[in-house]
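Beneath this line is the structure, given in structure tokens, with notes to follow.
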Amino acid sequence: MYNNKVLDHFKNPRNMGEMKEADVVGEYGNPVCGDLMFIYIKVANKNGKDIIKDISFQTFGCAAAIATSSMITELAKGKTLDEARKITRDDIATSLGGLPPQKLHCSNLAADALHNAIQKYYSKKNPQ
Ligand code: FES
């Protein structure tokens, strides 16, 4: 059902765990299954651009949710916030070599939690 890359990210998740010194914590709950993800980001300014210096996650969900969470931390680390917010669920699934069709919705969790974190960072930086 899952390919070896997905299984590897599920069994050996990258950047997993709470980050105490995070600037913001994004979260997203999947309304269909109730699975939940938190994504922690630490932002640094480099050459006038905000980049994701560090990122980690906690996911309470299925194998695909954990694998996609792990993959999005690898995709987003070192990217500018603008680049990172363009990462889509398809990018995540493609980077994992594909997901079973019935598990594609699970990649929403990671993409939406990251987008939520970035949005929170902008709101914190530019309060209205
Ligand atoms: Fe809930 Fe996969 S079944 S995210």
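Just so you know, residue 1 is the first one in the sequence shown, and it goes up from there. Atoms within a ligand are numbered from 1 in the order they appear, just like the ligands themselves.
- Salt bridge absent: Arg89 and Asp112 never bring a charged side-chain N and a carboxylate O closer than 4.0 Å.
- Put simply, the residue from Ser95, Ser70, Ser69 that forms a side chain to side chain contact (heavy atoms under 4.5 Å, CB included) with His9 is Ser70.
- With respect to Asp8 and Lys11, no salt bridge is recorded, no charged nitrogen being found less than 4.0 Å from a carboxylate O.
- His115 contributes no side-chain N or O that, together with a main-chain N or O of Gly26, makes up a donor-acceptor pair within less than 3.5 Å.
- If you check the side chains of Asp35 and Asn30, you find no donor sitting under 3.5 Å from an acceptor.
- Protein N/O/S atoms nearer than 2.8 Å to atom 2 (Fe) of ligand 1 total 2.
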Please determine whether salt bridge (Lys or Arg N to Asp or Glu O under 4.0 Å) holds for the pair Asp50 and Lys125, giving the CA-CA distance in whole Å, both sets of side-chain angles, and the decisive distance to 0.1 Å. CA-CA 11 Å; Asp50 286 332; Lys125 203 173 159 190; 2.6 Å; yes
